[in-house]
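Below, chains carry the letters A, B, ... as their sequence lines are ordered, and counting in each starts from 1.
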There are 2 protein chains.
Amino acid sequence: MKELSGKQADILEFLRSFIEEKDYPPSIRDIQEGCGISSTSVVDYNLRKLEEKGCIRRDREVSRGIEILGARGRRPRIVEVPLLGSIAAGQPIPVPTSDRWANDSDETVAVTEEMVRHKANVFALRVKGTSMVEDLIDDGDIVFLEPAQSAVNGDRVAVWLKDRGEVTLKRFFHEGDRVRLQPANSTMDPIYTTPENVEVQGRFISSIRPSD
Amino acid sequence: MKELSGKQADILEFLRSFIEEKDYPPSIRDIQEGCGISSTSVVDYNLRKLEEKGCIRRDREVSRGIEILGARGRRPRIVEVPLLGSIAAGQPIPVPTSDRWANDSDETVAVTEEMVRHKANVFALRVKGTSMVEDLIDDGDIVFLEPAQSAVNGDRVAVWLKDRGEVTLKRFFHEGDRVRLQPANSTMDPIYTTPENVEVQGRFISSIRPSD
DNA sequence: TGTGGCGGCGAACATTCGTTCGACGAGGCT
DNA sequence: AGCCTCGTCGAACGAATGTTCGCCGCCACA
């Protein structure tokens, strides 16, 4: 007996939409009204069935303690990543000096945790320009970076160029006593500088292309 | 008086973590215990303050009717996009013939609504191969498609090639009485075929690169 | 020194809510 | 017919929960 009765499916559907709308689960009597059921005990009865079948989990001794199980109901773990600004071959960007993002008016990007590899303190930047287009990072993309102070060869990092006073996203190569910052765009030349002049700000994690 | 007292900040923080963990809001007494407050009325008092300051919204006559306001607390609208399989220059994929995704065991990808342009019935495919790499779609990427039966020149579409019995992601060009399916990879040749032989399955919306 | 607002306290109260109980009808089975 | 299960119903009980009320200490301020 794995099938859901019509009423059980109704309740499950109501559960979803109620939670979606209100952000908290319905009470038994909410379900009763919402599904046009005449008695609370019927709701309770079917809720138990639903629980037996593994569709929901109920928290007894807690009102509204209903949780939808399964991929469909599980709330994906979302992180709001602060979108700190833009990065290019140009404009300097503000970089967090602490882990406090107290300013709630900051723009954020909401993504699933897996997009930022479950790392903490990740921040996002909007890419301006096409210097990394061959690494599949295009103008307008949003990149996620984790704070980092160092890089190994080949890492894509946001680096602060002290002499220019600007931050740029490039592939990092340590070559003897100099540093090569390699764009992933064959029409652009690498930047050569000294280790003293560069300060790694963050390491590339992933990117999204929010607009087509 | 816009500042939050220490206790109010505590409560707000507790609210966040409680909801994050349990998926439903705490009761007054949950807050009382969780924040080490000695009376429910103190909780009520500060909850009112919080409401005055616009941090939360309370649903009176509903237990646990607390909702966190603002970007930090607002639940981002998430859609679970069914990940139907892979697409490449090769394997056929199952394509939905109806709008029912009844099979809950299907793998899904959770993304924010803006990733799919708030469209309905979007589905996702994992890209195999590098035929679209110059369009910044690489091997392993996940692409989001909307169901479509037609395409205009230049659209990136998933097309069903009847004679080959396979589905592939290409740029679509109608040229006279033939159709050119153009890979975005200069090492690959376009596919020429007839309009009768191609059946557009979906139009490219956006892509993510879940792993580095 | 008195006054009033603020934040807190504990207890009682009123409502909401989950659960239980007895009963009923429709079917299936012996 | 007798007996069982399933799904339903209405009512009531009791636990969980939100709200109110009087009282208190602190502190700024007149």
Side-chain angles (χ1 to χ4, degrees), chain A residues 1-69 73, chain B residues 1-69 73:
Chain A
M1 194 256 279
K2 218 67 192 80
E3 302 311 316
L4 270 48
S5 74
K7 197 160 296 192
Q8 282 157 26
D10 278 356
I11 292 178
L12 204 50
E13 179 51 34
F14 178 76
L15 238 31
R16 289 194 223 283
S17 60
F18 189 100
I19 294 175
E20 174 67 23
E21 185 184 342
K22 308 247 200 174
D23 267 13
Y24 52 77
S27 68
I28 298 268
R29 286 171 176 83
D30 287 333
I31 300 172
Q32 185 191 353
E33 283 185 39
C35 295
I37 297 172
S38 53
S39 175
T40 59
S41 58
V42 176
V43 179
D44 185 59
Y45 174 83
N46 285 288
L47 247 21
R48 285 171 194 275
K49 291 294 179 190
L50 250 11
E51 193 174 22
E52 281 174 20
K53 295 177 186 177
C55 299
I56 61 172
R57 199 178 59 73
R58 296 181 72 185
D59 214 340
R60 265 50 192 278
E61 58 226 64
V62 166
S63 68
R64 298 171 186 270
I66 302 176
E67 189 181 345
I68 301 179
L69 261 20
Chain B
M1 196 254 280
K2 217 71 192 75
E3 302 312 316
L4 269 48
S5 75
K7 196 160 298 195
Q8 283 157 24
D10 278 358
I11 292 178
L12 205 50
E13 179 52 35
F14 178 76
L15 239 29
R16 289 193 223 286
S17 60
F18 190 100
I19 294 175
E20 174 67 21
E21 185 182 343
K22 308 247 200 173
D23 268 12
Y24 52 76
S27 69
I28 298 269
R29 285 171 177 83
D30 287 334
I31 300 173
Q32 184 190 356
E33 281 185 42
C35 296
I37 296 172
S38 52
S39 175
T40 58
S41 58
V42 176
V43 178
D44 186 60
Y45 174 84
N46 284 289
L47 246 23
R48 285 170 192 276
K49 292 293 180 188
L50 248 14
E51 193 175 21
E52 282 175 19
K53 295 177 186 177
C55 301
I56 62 172
R57 199 178 59 72
R58 296 182 74 186
D59 214 339
R60 262 52 189 276
E61 56 226 66
V62 166
S63 68
R64 298 172 185 269
I66 302 176
E67 187 182 346
I68 301 179
L69 263 19

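Computed from coordinates, the B/Ile31 CD1 to D/dG18 C1' distance equals 11 Å when rounded to whole Å. Put simply, CG on A/Leu50 is 15 Å from C1' on D/dG7, counting in whole angstrom units. Counting to the nearest Å, the P atom of D/dT8 and the CG atom of A/Asp10 are 11 Å from each other. Taking atom CD1 of residue A/Ile28 and atom P of nucleotide D/dT17, one finds them 14 Å apart after rounding to whole Å. The distance from atom OH of B/Tyr24 to atom P of C/dC17 is 15 Å, rounded to the nearest whole Å. To the nearest angstrom, C1' of C/dC6 lies 12 Å from NZ of B/Lys53. Atom CD in B/Gln32 sits about 9 Å away from atom P in C/dG10, given to the nearest Å. Residue A/Ile37 contributes atom CD1, which lies 14 Å from atom P of C/dG18 at whole-angstrom precision.
Ranking C/dG18, D/dT20, D/dG18 by closeness to the A/Arg64 side chain, first place goes to C/dG18. Between D/dT20, D/dG18, C/dG8, one nucleotide has an atom nearer to the side chain of B/Ser41 than all others, and that is D/dT20. Here the side chain of A/Ser27 is nearest to one of D/dC9, C/dC17, D/dT19, namely C/dC17. Nearest to the side-chain atoms of B/Ser63 among the listed nucleotides C/dC9, C/dG8, C/dC17 stands C/dC17. Of the candidates D/dT19, D/dA11, C/dC9, the closest approach to any side-chain atom of B/Arg48 belongs to D/dT19.
Residues A/Asn46 and A/Asp10 form no side-chain contact, since every pair of their non-hydrogen atoms from C-beta on lies 4.5 Å or further apart.
Neither OP1 nor OP2 of D/dT19 sits under 4.0 Å from any side-chain N or O of B/Arg29. The shortest distance between the side-chain N/O atoms of A/Ser38 and the OP1/OP2 oxygens of D/dG10 is below 4.0 Å. Between A/Asn46 and the phosphate of D/dC6, there is no side-chain N or O to OP1/OP2 separation shorter than 4.0 Å.
Among residues at least two apart or in separate chains, salt bridge (Lys or Arg N to Asp or Glu O under 4.0 Å) pairs with a member in residues 25-48 of chain A are A/Asp30-A/Arg64, A/Asp44-A/Arg48, A/Asp44-A/Arg58.
Put simply, the residue from A/Glu13, A/Lys49, A/Lys53 that forms a side chain to side chain donor-acceptor pair (under 3.5 Å) with A/Gln8 is A/Lys53.
Remark: B/Ser39 pairs with B/Ser41 by the side chain to side chain donor-acceptor pair (under 3.5 Å) rule, at least two apart or across chains.
B/Glu67 places no side-chain N or O within donor-acceptor distance of the main-chain N or O of B/Ile56, the cut-off being under 3.5 Å.
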Could you list all N or O pairs between the protein and nucleotides 26-28 of chain D that sit under 3.5 Å apart?
none

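Donor-acceptor pairing under 3.5 Å, judged by distance alone, is present between the side chain of B/Ser39 and the base of C/dG10.
Nearest heavy-atom pair, B/Ile31 versus B/Pro26, reported as atom, atom and distance to 0.1 Å: CG1-CG, 3.7 Å.
One finds the CD1 atom of A/Ile37 at 4.0 Å from the CD1 atom of A/Ile11 (value rounded to the nearest 0.5 Å).
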